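A note on names: the letters A, B, ... follow the listed sequences, proteins ahead of strands, and every chain is numbered from 1. All values reported here derive from a predicted model rather than from experimental measurement.
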Amino acid sequence: MALLEVDNLSIGYNTKKGYLKAVEKVSFDLEAGASLGFVGESGCGKTTIGMALMGLLPPNGSVKEGRILFEGKNTLEMTDEELRKIRWREMAMIFQAAMNALNPVQRVGNQIAEAILVHDPSVEKDQAMDQVENLFRLVGIPLDRLRDYPHQYSGGMKQRAVIAMALACRPKLIIADEPTTALDVIVQDQILGEIKELQKEFDLSIIFISHDISIVAHMCDHIGVMYAGQLVECGPREGVFESPAHPYTKALLSSFPTVTGKRSDLIPIPGETPNLVVPPHGCRFCDRCSGPEASCSTEPPQWVEIAPGHRALCCRC
Amino acid sequence: MNTQDESVLKIRDVTKVYKGKGALFGASGKDVTALDRVSFDIFKGEIFGLVGESGSGKTTVGRLIVGLEDVSSGKIFLNGREVVGLKGRARKEFRSQVQMIFQDPYQSLNPQRAIYDTVSEPLKIHGVGNASTKRDLVREILQSVGLSPPDDFLFKYPHRLSGGQRQRVAIARAMVLKPTFVIADEPTSMLDASISAQIFNILLDMRNRLDVTQMFITHSLAAARYLCDRVAVIYRGNLMEIGSAEEVIRNPKHPYTQALLDAVPKFGHHRDVSRYGTLLIKDRDVAGENGCVFFPRCAVALEDRCAGSRPLLGRVSGEHRVACFLVEGA
């Protein structure tokens, strides 16, 4: 049994302009100890999926259909109390702009100890502080910074503290939503390296969400490419990036500058993403696609198997 | 391209010190040297990349050139004329020649102004054209930044536009006077990859068609490699390496540039990456401030030499110059 099974998940937001279909019919599995990366541009629904997994959708958002099975149990049917028991303890999330997630008037060490105490009443305060020391060692913060306040930390250290907090209750699954976006490239590299080590050490499952293809490729064995609320291609990293099938994956790859490879390869994707209040009938990428067929704009695309475990949502594949 | 008389912008020994404010009570604060004797040239018709991490001083360079801040010492020349301390008419004339594109198109456009008002304002300030020629100039520039048909955009307000469209408006505003020199400060860091590539292509097109010399300020070596002819790498207010973009990225000499390249996720090549390994795992504690600025983090530094004095930019080959004692020729 997979640790996480998401089946036909659709999520929408009530907005002033109407019902916005942020995520439509997304299905994927995640095995224990595996890493899955969601990549796509802003507004493609990748963060919404993360929030729905945690049961933390904003008040105007709701799951329209589908199932989220965590260890076989549907989290969408759980009561708040049941959900609270698995949230943070079984699955934790590292948020975007996590450096603002720390309480500015509480010492960092105490904040993390408190998180442990709240979620496990059997732990004594001293034990909790010991655990925090271990966590600091794990994420590479010097122990003499335990009693500092967040403003005394650099951006990279705050990010490490937030990762320590996510690990505090020893979850099985970590959802990391753009955890390094605001950081400089050298610090980013160190933190990504640490997340990788921790994953190995604790056999964590990771869902990594990013707009940056190179980070997702660096971090994850399985890749899901999202466009305009739909998963459009997913499969093992080598398959998706070395022989991409969906025109959007291909276009995304060729619009991404790298420090290796040929310099002349950068090709922008023309146009803009569609409005998700009234999404197009057919393929959502149709308007920006390099070679659509007549049926693409009228018929919704079907999943096509490219190779075992590698599929794409496109009639032309 | 590299003769002296063709340089559009010359920066010589520019230093910027921010005075420390200090605490409310007690001793006055420490001064912060944002730029330390920085010198470089930007040649006519090129796109010059200034690459650095946050706090490196790269944005300060741009702000000093445009005159948004004053230099502490040093000189800046545009087409051979000194621009530091220009006043009155001379300053206005200079500002028609030099424009800036900012990072965040959600903040750099006035939300209460229609696109036409925003893009035509430079024309108004500098007294270019009458009502009808102004309208034509604005249409023309909107067309060339890809906002077409321009008449659809003239009377829209920024809130109706996407991030990419807003940044196009900001580019149009900077380019409408056909300036000599444009500074683009991280123009795509708020945008998605596919939209960034569109903006890069517009900037390249502006250089090719309008012959606008540009300075592109960025944290991304990959973006600089794609867009720029030459790049300079800046760290804590000091230029570390300068040369052709291809040369600096393919064949970096400075340990800091090598550390930066190590840290870029190598997409598609993650299995067989060889790393330079020039970054120390744990920073050194350094007492003085006389040494190389990268010394505290440099894994290959020579304890006595690099801690004691600061290396100057020295020629490695041709255009390629590096500020490091360990690089031969430098």
- Task: Please check if any side-chain donor atom of Gln198(B) sits under 3.5 Å from a side-chain acceptor atom of Arg168(B), or the reverse.
- Result: yes
- Which bit of Glu41(A) is near chain B, if near means a heavy-atom gap under 4.5 Å: side chain, backbone, both or neither? both
Is chain A contacted by the side chain of [X], its backbone, both, or neither, given a heavy-atom distance below 4.5 Å?
| X | result |
| --- | --- |
| Leu221(B) | both |
| Leu261(B) | side chain |
| Leu279(B) | side chain |

- Task: Determine yes or no for a side-chain-to-main-chain donor-acceptor pair under 3.5 angstrom, with Glu233(A) supplying the side chain and His246(A) the backbone.
- Result: yes
- Note on the structure: One should read off an interatomic distance between Ser148(B) OG and Leu142(B) CG, to the nearest 0.5 angstrom, of 9.5 Å
- Message: Restricting to ring pair (Phe, Tyr, Trp, His ring centres under 6.0 Å), what partner residues turn up for Phe153(B), sequence neighbours left out?
- Response: none
- Message: Quick check on the interface: out of Ser162(B), Gly164(B), Ala197(B), who has the most heavy-atom pairs with chain A under 4.5 Å?
- Response: Ala197(B)
- Query: Is the CZ atom of Arg160(B) crowded by more than 12 outside heavy atoms at less than 6.0 Å?
  - Reply: no
- Item | Heavy-atom pair count under 4.5 Å with chain B, highest-scoring of Val187(A), Ile213(A), Asp189(A) | Asp189(A)
